[in-house]
Amino acid sequence: MSTTSYNCTNEAQRVEGLAEAKKAIDAKQLIVMPTDTVYGIAADAFSPRAVATLLAAKGRGRNMPPPVLIPRIGTMEGLATDIPDDARKLAEKYWPGPLTIIFHSQPSLTWDLGETQGTVGLRVPDDQLALDLLTLTGPLAVSSANRTGQPAAQTASGAREQLAESVEVYLEGGFRPLEGTEPEPSTIVDATGLRLRVVREGAISLADIQRIVPSALGADMEPEMWSPPSLAKAEPALDLVKEEPAAEEPAGAETAVDLVKHDATE
């Protein structure tokens, strides 16, 4: 593999970098890209081989599936099913932005993100370079650009120190977030129950969510679950949050309303 980095703060390199990143994704290889929180390692969401390569590069198992970044709200319709009206309201308010929504995934899709049990976490990032790339490639499985157990990278060069030649293309866009600021994870809302439930507060508070959806539950409230006839209870494909040692991860979660086994910042 011939790893290449592109300084996307330079317009010529930005254009070339986006083109090469698309080629790498099409070839089922990995890239590193900025998001509005930190840098992510990305793969074609519809390629089981590419997703398996992503998990191996990070040193994580199938029990920690990556979320999927999408370029626009409309893409949600093709990837998720049983979308509640309240979830649509949140997406219209906060996408692009730091909100991940967990849905039942479309059963017709042939992707394999890991042990999701029929769910998928979707987000539209508020980062123009990321959106331009997603427009070229389509949905990407994205996890934080770091080895599991290590700090999430805030630059592409920082990601390269950890991931080295496991990644084909590095897109450097400067610090994410701004240099000297701490990454703040996205808020995760589970939309697979009878009522929306905030399973992790991040950049968007529970109070902010409840201004749009007053009936939304907090993480400390018991979930109200349902499952379509064709789907079993689901465990979420999770968002990226700040890396923590394994011993400090939340324990005991078994269904899609619980935030489990997540590993970096997104």
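Side-chain atoms are counted along with the backbone in the values below, which use heavy atoms only and exclude waters and symmetry mates. Sequential numbering from 1 along the given sequence is applied to the chain's residues.
For K89, the side chain to side chain contact (heavy atoms under 4.5 Å, CB included) partners are D86, I212, not counting sequence neighbours. Not counting sequence neighbours, the partners of A57 by the side chain to side chain contact (heavy atoms under 4.5 Å, CB included) test are L30, I41, S166. Residues meeting the side-chain hydrogen bond (donor to acceptor under 3.5 Å, both in side chains) test with S205, sequence neighbours left out: D208. Under the side-chain hydrogen bond (donor to acceptor under 3.5 Å, both in side chains) criterion, E201 pairs with no residue, sequence neighbours left out. W111 meets the ring-ring contact (aromatic ring centres under 6.0 Å, His included) test with F46; sequence neighbours excluded. In terms of the salt bridge (charged side-chain N to carboxylate O under 4.0 Å, His left out) criterion, residue partners of E77 (sequence neighbours excluded) are, by chain and number, R88. When the salt bridge (charged side-chain N to carboxylate O under 4.0 Å, His left out) test is applied to R160, no partner is found at least two apart in sequence or on another chain. Qualifying side chain to side chain contact (heavy atoms under 4.5 Å, CB included) partners for T181, counting only residues two or more places apart in sequence or in other chains: P177, L178. Under the salt bridge (charged side-chain N to carboxylate O under 4.0 Å, His left out) criterion, D126 pairs with no residue, sequence neighbours left out. The side chain to side chain contact (heavy atoms under 4.5 Å, CB included) check on E16 picks up Y6, E20, with sequence neighbours excluded. Partners of R72 according to the salt bridge (charged side-chain N to carboxylate O under 4.0 Å, His left out) rule, which considers only residues two or more places apart in sequence or in another chain, do not exist here.
Side-chain contact between S105 and T116 is absent, with no heavy atoms from C-beta onward closer than 4.5 Å. No side-chain heavy atom of L90 sits less than 4.5 Å from a side-chain heavy atom of W95. Side-chain contact between I209 and L196: absent, with no pair of heavy atoms (C-beta onward) separated by less than 4.5 Å. V32 has its side chain within reach of L163: a pair of non-hydrogen atoms, C-beta onward, lies under 4.5 Å apart. When side chains are defined from C-beta on, T3 counts as touching Y170, because their heavy atoms get closer than 4.5 Å. In this structure, Q13 and C8 have side chains that are not in contact, with every pair of non-hydrogen atoms separated by 4.5 Å or more. Two residues are said to be in side-chain contact when any heavy atoms from C-beta on lie closer than 4.5 Å; L122 and V120 meet this criterion. For the pair L133/L171, a side-chain contact is recorded, criterion being any heavy-atom separation below 4.5 Å from C-beta on.
In terms of hydrophobic clustering, with Ile, Leu, Val, Met, Phe, Trp and Tyr side chains grouped at heavy-atom distances under 4.5 Å, I83 and I73 are assigned to a common cluster. Under the 4.5 Å side-chain heavy-atom criterion for ILVMFWY residues, a single connected hydrophobic cluster contains both L136 and I31.
When all heavy atoms of N146 and A153 are compared, the closest pair comes out as CB-N, 4.4 Å. Taking all atoms of both residues into account, the shortest heavy-atom contact from A87 to I101 is O-CD1, 3.8 Å. Annotation for A45 and L113: closest pair O-CD2, 3.8 Å, computed over non-hydrogen atoms. Across all their heavy atoms, D36 and P98 have their closest contact at OD2-N, 4.1 Å. Annotation for P84 and D82: closest pair CD-O, 3.2 Å, computed over non-hydrogen atoms. Contact detail for Q106 and A80: the closest heavy-atom pair is NE2-O, 2.9 Å.
Separating the CE atom in M64 from the NZ atom in K58 is a distance of 7.5 Å, to the nearest 0.5 Å. Remark: M33 CE to E172 CD distance equals 13.5 Å, nearest 0.5 Å. Note that CZ of R14 is 10.5 Å distant from OG1 of T9, once rounded to the nearest 0.5 Å.
Between the side chain of R197 and the backbone N or O of M221 there is at least one donor-acceptor pair closer than 3.5 Å. At distances below 3.5 Å, not a single donor-acceptor pair connects side-chain atoms of T155 with backbone N or O atoms of G174. Using a distance-only test at 3.5 Å, with no hydrogens or angles considered, no donor-acceptor pair links the side chain of S186 to the main chain of L99. Between the Q162 side chain and the R147 main chain, a donor and an acceptor come within less than 3.5 Å of each other. Between the side chain of Y39 and the backbone N or O of G173 there is at least one donor-acceptor pair closer than 3.5 Å. With hydrogens and angles disregarded, no donor-acceptor distance shorter than 3.5 Å links the side chain of R195 to the backbone of L217. Q210 places a side-chain N or O within 3.5 Å of a backbone atom of A216 that can act as its donor or acceptor partner.
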For I25 and L140: C-alpha separation, side-chain torsions, deciding distance, then whether side chain to side chain contact (heavy atoms under 4.5 Å, CB included) applies. CA-CA 9 Å; I25 292 296; L140 294 176; 3.9 Å; yes
Evaluate side chain to side chain contact (heavy atoms under 4.5 Å, CB included) for R62 paired with E115, printing each intermediate quantity in order. CA-CA 6 Å; R62 285 174 49 81; E115 296 175 8; 4.2 Å; yes
What do the steps show when you test V142 against L54 for side chain to side chain contact (heavy atoms under 4.5 Å, CB included), and what is the final call? CA-CA 8 Å; V142 182; L54 183 156; over 6 Å; no
Applying side-chain hydrogen bond (donor to acceptor under 3.5 Å, both in side chains), run through S143 and R60 and close with a yes or a no. CA-CA 11 Å; S143 183; R60 67 191 277 190; 2.5 Å; yes
Show your working on side chain to side chain contact (heavy atoms under 4.5 Å, CB included) between T100 and T187 and close with a plain yes or no. CA-CA 6 Å; T100 299; T187 293; over 6 Å; no
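Sorted by first and then second residue, the pairs that involve residues 42-52 and meet side chain to side chain donor-acceptor pair (under 3.5 Å), not counting sequence neighbours, are K28-D44.
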